[in-house]
Amino acid sequence: MDGGEEFVPPPECPVFEPSWEEFADPLGYIAKIRPIAEKSGICKIRPPPDWQPPFVVEVDNFRFTPRIQRLNELEAETRVKLNYLDRIAKFWEIQGSSLKIPNIERRILDLFSLAKIVTEEGGFEAVCKERHWARVAQKLGYPPGKNIGSLLRSHYERIVYPFELFQSGASLPVLCLTIYHYCLKIFTRSLLISEPCRYLYLTIFPIRFKNTLHTCKILLSSITEICQVDSFVCRMCGRGDEDEKLLLCDGCDDNYHTFCLIPPLTDPPKGNWRCPKCVAEECKKPAEAFGFEQATREYTLQSFGEMADTFKADYFNMPVHMVPTELVEKEFWRLVSSIEEDVTVEYGADIHSKEFGSGFPVDNGKRHLSDEEEEYAHSGWNLNVMPVLEQSVLCHINADISGMKVPWLYVGMVFSAFCWHIEDHWSYSINYLHWGEPKTWYGVPSSAAEKLEEVMKKLTPELFEFQPDLLHQLVTIMNPNILMSHGVPVVRTNQCAGEFVITFPRAYHSGFNQGYNFAEAVNFCTADWLPTGRSCIEHYRRLRRYCVFSHEELTCKMAACPEKLDLNLAAATHREMFIIVQEERKLRKSLLERGIKEAEREAFELLPDDERQCDKCKTTCFLSALACSNCQESLVCLYHAQDLCSCPNVFCRKYRYTLDELLAMLHRLKVRAESFDSWANRVKEALEQEEGNKIDIKDLEVLKEEAADKKFPNNELLQRLNTVLADIQKCESSSTELLSNSQSRRMSLEELRTLVDTMQNLPCVIKPLEEVQAVLQKIEEFDARAQALVDSTKDEWKQDSPLPAASEIQALLEEGASLPVIAPACELLSGLQEQGRWLGEVRRTLGPEGSEVTLAVLRNLMESGCNVPQSISVETAMAELQELLTIAERWEEKAQICLEDRQKHHLSTLEAIVNEAQLIPVQLPNILSLQACLSRAHAWVTDLEEIQNGEHYPCLDDLEGLVAIGRDLPVKMEELKQLELQVATAHSWREKASKTFLKKNSQHSLLEVKRPSTLLTLNCYSRSLTKNRERLEKEALLRLQQVNLTKPGIEKGANGDQNGIKTERKRSDSMETDTPHNSDSTLLQNGGSAPSLTSSQSVCVCSGQPCPLLHRCHLCKDWFHGGCVPFPSLLGSSDTNLTKPLCWWDWNTRFLCPRCQRSRRPRLETILALLVALQKLPVRLPEGEALQCLTERAINWQGRAKQALDSPEVQRVLERLQQEEQEMNSIKEEEPEEKNKWNGDTVIVLSDSEETEDGVIDLTEEMNSTKKSEEKAANGVESLLSLVPCLKGPVIELTTSTRAQLEELQLEGDLLEVTLDQTHTIYRILQAASQPHQDALHTLIQVRRLCSDHHIYTNAICCTSRFQNKSLNPCSEFACGQILKLYGCKRP
């Protein structure tokens, strides 16, 4: 097979998996599978899964030296090529030139194939003449059209052709003439030939003449004179002068002038030099026989495994367990066929188990065996036991033949191989793989053994020329694809750990290991091997091959003790012995005809094998041999009597047995083999006795004992005899137990009938037969009566049909239980009893007296009915139950669908379903649930109608409750959608009202802010409670004011205290949030009296102590910190107030604390819009009623306020205030422009922009216009600080009654959670009519300035944090630093 062709695996061999029964007899099982497996040559056996022998090799002490295998030297054709390359390389090496194999088309030129093809084409001259070099290139596998033929001719002419001339063996003159013509031709092309080649060709003989014929004559004369000339003269010219130019051959010591060689040598060659004659002699030497060499390193199992796994993993570049077996197989056959790749592996083969220990447990007394090891030590599949089994031929050989009777061990690695071979003496072999990776096998059947030998000799004749018995050396392998292509059948298999591989007689087999593993193998021979073994001896005689043991000795030893032989082995030995005796008689007769009559007895078995081998054919002699009296050491077998020696009349025949002794042995074998026939006839006669002639049981037992004594094989008659005896024993035991009523279990009627029939059919007399027959008759009578009762109950079942009498059935059951045999009718009666019970239960359940039927009851009846023996009555009842259950489940499913929320159904639909389902006599849970839902739906509709038909609109809570109930019902109701819409509209109105009134994060509900503060603790709101609300509120407020007025404030000088400023700054974070009430608020809510307060009592919403920047609430008169609650902006949010800063009564100093102002206080117009929307809702809302009361109260107050403001006195006051404002504005316009400038020269604003104007560092372009206006207002408020001491008042005067009226209106207006314009007007008049509150104004200005600084500080921190990773220009950096320094902060 060429290296380019891919390996195709052969078909698989047979694989057998014996049962435990078959596995118990190893040689018997192998004989059973032999007809199938022998056709393939090899087979694989997988033991039962539980057969796993322990591995008992002492791993630590197991040391071995493996063999070295070079893979490409194993394959026959590859080895031929390598041998050829060795010879041609040696041919060039002795001439002082190294061989360099050329490359063509990127592969090494196959010189052997090239020489072989050129020879097949007629030789070099013919190929050149016919111009067939292109055909040669094509046969070598090169592509056409690349002028490769010319390259092949050049290489052949330069390298191969000279060697082929030496190998041709032509006579010396012809050779010289041929080389002369060739040298002349080469000389003309000397530029194309290298110096060593030209030198080689022209130094073969002295060709220096122009005439060819004259040259040949000179050559012939030179040859005759060579032996006569002096040894120190030139062998070419015959002269001995010019000694300095004489070359001495290192091989033969002949001399040659350097100038006599063609071409002449200018300088002596370096190193060894051989003359042309020595070159020819060296190349004619035969090659040494090929064999494996031993490695130099000794391994343990662990070290060898590490080496093997490392080699495989590195070679395939993957873990060893992941390499596919197919890949390893293809790579192996590629390597053995490759000349270029030289892969070397090691194989621990043929390791003696007797020396190193077997892998199987061995009972040899050297070590204690466990119970498990004891079992496997005596198993027939133990390779130490199989060769010496009783049926094995080798058990009659006394010597322990290593490899045949004693197993050999094999430790393999990847690619390590065993070559094509057959076992010694063509015996069987068995191989067991203990553990490790698989072993790949190839096998050829014995029928194709000669074909395989023929093919290998044909393809590689060079190997068999010097080693005719090459295939017996186990050193040669050939690709299975090549053998198959030549008609040799080949099979393969992968042997895994725990599997056996059997090879049959003369079956060639080979293979290799997939990786690191441990195997054990041994030979064995069965009776059928004897003819094959004799044929093997004849084959060995032709090959002159040594025998392992004497076949004749083995046969005679078995024939000497025929009584110890297995019957099959005795018969086979008899046939073999007969042939041997006939052949021996013929050979002895031929000696007598030659006149050799002298004979003497010789105990050949006592002689060593090498002293009794035939000198001619190397066969081990046993029955006879021929010796010479003069030549003591000469010995031949009778087949080669003529080849002994030429001494006259001194021959002596040595023999082991006389012919009479041999005939006697043959007769004893015949008796042993024929003794079986006599015994078989007596057994047949005994087993075929009829009723009147039955024999005694003891006669059968005698026949069985005779078979055991004479070791008859396990045959059909013996099996029948054993079966009859077993049946007799079983019948006697069963009948005894039956009649004595001592059975462990009662037998059935069929078993009793079988027992009677068996006892009647036995060939011997059984005594209790009549009593057993009487019991059978009694059982059959009872069975007939019971069957009659059962047949009477097979009518169809109806609910009113009568049931069978339970008492009659019970009586028959009790009678059947007392019988020694189980009657079949008892089971029928038990079934009939169960049927009656079940049918009665069904009748009670479905009858009018029965309790309420549920689905669980029906299912239980169905389940129990399935376990009752079936009959027409049961099937009819089951059908009725199934029909009722199906209908009930269908209605349950419908109800389940209606109860689910996926799709709601109308009320009428559900009522129809419930009404129809109530007709079924089964309680259905889903129907009941649906019925309950319908009741709830009717109640819901009734409630809705009552609410809608009432005198007033329904409350929102009632509607929400109805909506929640309606949504949970699985009923589709149109009223629900309308109700949901009304509820959604009410919620929408409530949300809108909440957004209108409630502050952000307010702690109050919408209802709380709409009710008067005195009614917050009441659960409902009624108009009747509002009659005295003003009085209650006023009284509560006055008491609260009295309490708060007693709380001390702080000194005026504290306004500028930095500690107070810092305290206010800490509290400024809560300015914009609504704060919960403290304990003082309960006075306002509940209208109770306030206790007297001390100076240590707390103030403000924070319940803290008084500190700087306190301001009183306008309504409750309590103190509040400037940082805890939002104080009013002094000048308001518009710039109009900045134009008249001297009109201090217009300043926004009116402050209501979060407790007094609980809501946003929307304008009255907004509230009226909400009331209009409320009137459209068909729902009553508590918030709506509270809003109506609040609106009525606000409108009432507004009317009274307008009436007071329209009075003449108040009108005059308003006109006076307007004049004062005009005068102050005119005074302000006359002041210098400088006074109008705001304090502060430069505004520092934090921003990350660059400087834009002189004196202004713009760092906050991101600040919006709102922030700028706030800063402007803060600067304006700060400018008012200097005006506070200059403020004067009162500006107007009011009468006491008018002042009291306005103060009362103001108090009532502040209590309203509504914004009204009249409130501000009244406050403005009362302010102008009083002295300016300079402390309060001073506090508001300080708080305002503090809030502005806090805003700038926060921006500074944020902006500086943004620039912590940036570099600012000097101005910006300075500004940030100043601000942070002012507030005591560090740079972030």
Side-chain angles (χ1 to χ4, degrees), residues 27 30-31 34 37-38 41 386-406 421-430 445-447 449-450 453 469 471-472 502-509 521-562 565-566 568-584 587 604-605 609 612-614 617-624 637-639 656 662 665-666 669 673:
L27 296 183
I30 293 173
R34 183 169 67 87
E38 195 174 27
M386 180 174 284
V388 294
L389 289 174
E390 185 179 356
Q391 302 94 330
S392 175
V393 172
L394 297 182
C395 70
H396 299 280
I397 299 178
N398 294 330
D400 289 338
I401 306 173
S402 181
M404 292 200 72
K405 286 186 66 178
V406 180
H421 70 285
I422 49 180
E423 301 299 325
D424 291 334
H425 288 260
W426 296 354
S427 61
Y428 287 85
S429 78
I430 181 169
S446 59
S447 58
E450 295 181 358
E453 296 170 357
D469 61 343
L471 291 176
H472 296 277
I502 307 290
T503 67
F504 287 82
R506 207 187 181 185
Y508 274 97
H509 50 279
V522 77
N523 295 107
F524 65 94
C525 300
T526 56
D528 61 88
W529 165 83
L530 286 172
T532 306
R534 177 168 36 83
S535 300
C536 178
I537 297 299
E538 296 173 0
H539 182 73
Y540 283 180
R541 186 180 292 118
R542 291 193 296 271
L543 292 179
R544 300 182 180 180
R545 175 175 169 81
Y546 292 99
C547 300
V548 178
F549 59 86
S550 172
H551 186 78
E552 294 175 347
E553 180 183 356
L554 174 62
T555 306
C556 291
K557 189 174 183 180
M558 291 189 294
C561 302
L565 299 180
D566 175 79
N568 290 333
L569 184 57
T573 305
H574 176 262
R575 292 190 294 269
E576 186 68 17
M577 192 66 183
F578 180 80
I579 296 174
I580 290 176
V581 170
Q582 294 298 326
E583 188 69 16
E584 183 67 16
L587 291 173
F604 286 101
E605 67 273 15
D609 287 351
R612 53 174 175 150
Q613 288 175 348
C614 174
C617 64
K618 309 302 180 185
T619 302
T620 302
C621 300
F622 178 75
L623 286 180
S624 298
C637 65
L638 299 188
Y639 288 97
R656 179 64 182 86
L662 291 176
M665 294 167 62
L666 188 62
L669 279 173

Arg545 and Asp424 ion-paired at < 4.0 Å
yes
State, with a plain yes or no, whether a side-chain heavy atom of Gln613 is found less than 4.5 Å away from one of Thr619.
no
Look at the side chain of Asn523 and the backbone N and O of Ser427, then say whether any donor-acceptor pair between them is shorter than 3.5 Å.
no
Please tell me whether His421 and His509 form a close aromatic pair, meaning their ring centres lie under 6.0 Å apart.
yes
How far apart are the closest heavy atoms of Glu390 and Cys395, and which atoms are they?
O-SG, 4.2 Å
Between Phe504 and Ser446, is a side-chain contact (heavy atoms from CB on, under 4.5 Å) present by the stated rule, with each step listed?
CA-CA 8 Å; Phe504 287 82; Ser446 59; over 6 Å; no
To the nearest 0.5 Å, atom CG of Leu666 lies from atom CZ of Arg575 at 12.5 Å
NE2 on His396 to OG1 on Thr555, rounded to 0.5 Å:
10.5 Å
Could you tell me the separation between the CZ atom of Arg541 and the SG atom of Cys547, rounded to the nearest 0.5 Å?
8.0 Å
CZ/Phe604 to SG/Cys621 distance, rounded to the nearest 0.5 angstrom?
6.5 Å
On a heavy-atom basis, which atom in Ala507 and which in Gly41 lie closest, and how many Å separate them?
CB-O, 3.3 Å
Return the CD1 to CD1 distance between Ile30 and Ile430, rounded to the nearest 0.5 Å.
5.0 Å
Closest non-hydrogen atom pair, Ser550 against Arg612:
CB-NH1, 4.5 Å
Run the side-chain contact (heavy atoms from CB on, under 4.5 Å) test on Thr573 and Leu530 for me, step by step, so that the C-alpha distance in whole Å, both residues' side-chain angles and the decisive distance to 0.1 Å come before the verdict.
CA-CA 8 Å; Thr573 305; Leu530 286 172; 4.0 Å; yes
Pairwise side-chain contact, His551 with Phe622, heavy-atom cut-off 4.5 Å (strictly under):
no
So, for Glu584 and Leu638, which heavy atoms are closest and what is the spacing to 0.1 Å?
OE2-CD1, 3.8 Å
Where Thr532 and Trp426 come nearest, the two heavy atoms and their spacing:
O-CE3, 3.7 Å
Evaluation steps, side-chain contact (heavy atoms from CB on, under 4.5 Å), between Gln391 and Thr526
CA-CA 6 Å; Gln391 302 94 330; Thr526 56; over 6 Å; no
Tyr639 versus Glu538, side-chain donor and acceptor atoms under 3.5 Å
no
Within this structure, what is the CZ-CG distance for the pair Phe524 and Leu27, rounded to the nearest 0.5 Å?
6.5 Å
Checking Arg656 against Glu605 for the salt bridge (Lys or Arg N to Asp or Glu O under 4.0 Å) test, could you report, in this order, the C-alpha distance in whole Å, the side-chain angles of both residues, the deciding distance, and whether it holds?
CA-CA 9 Å; Arg656 179 64 182 86; Glu605 67 273 15; 2.8 Å; yes
Would you please test Leu565 and Leu669 for side-chain contact (heavy atoms from CB on, under 4.5 Å) and show each step?
CA-CA 9 Å; Leu565 299 180; Leu669 279 173; 4.0 Å; yes
Please find the pair of heavy atoms, one from Pro387 and one from Ser392, that lie closest to each other, and give the distance.
O-OG, 2.8 Å
Is a salt bridge present between Glu552 and Arg534, judged by a nitrogen-to-oxygen distance below 4.0 Å?
no
Minimum side-chain heavy-atom gap Leu394-Val388 below 4.5 Å:
no
So with a 6.0 Å cut-off around OH of Tyr546, is the heavy-atom count from everything else above 12?
no
With a 4.5 Å cut-off on side-chain heavy atoms, are Val522 and Tyr428 touching?
no
Atom CD of Glu450 with >12 non-hydrogen neighbours under 6.0 angstrom:
no
Under a 4.5 Å cut-off applied to non-hydrogen side-chain atoms, are Met577 and Leu662 in contact?
yes
Does the gap between the ring centers of His425 and Trp529 come in under 6.0 Å?
no
